[in-house]
Enquirer: 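Can you read through this structure? Questions will come right after.
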Amino acid sequence: MSFSFTDPKPSNDRSFSFTGQSPEEVDQQLQAIADMAHEILRMVADVRRKISN
């Protein structure tokens, strides 16, 4: 799978594309990224909670 920005200029539009051997492969990779992001956010919330106590 590859990842590229469609417009390298900085802007509010965050256009990018993913390519892979099949749409299912891209979907699986994106789901894995989403799962990791959720876990990171959960861990950050955990750390913040510990710091504030």
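As a basis for the values below, the full set of heavy atoms in this structure was taken, side chains included, without hydrogen atoms, waters or symmetry mates. Heads up: numbering here begins at 1 and tracks the sequence. Being a predicted model, the structure only gives us computed values, none of them experimental.
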Enquirer: Could you give the distance from CG (Asp46) to CD (Glu39), rounded to the nearest 0.5 Å?
Expert: 9.5 Å
Enquirer: State, with a plain yes or no, whether a side-chain heavy atom of Lys50 is found less than 4.5 Å away from one of Val47.
Expert: no
Enquirer: Looking only at side chains, do Gln31 and Asp27 share a donor and an acceptor under 3.5 Å apart?
Expert: no
Enquirer: Nearest 0.5 Å please: distance from the CD1 atom of Ile40 over to the CG atom of Asp35.
Expert: 11.0 Å
Enquirer: Say you draw a straight line from CG of Leu41 to CZ of Arg48; how long is it, rounded to the nearest 0.5 Å?
Expert: 9.0 Å
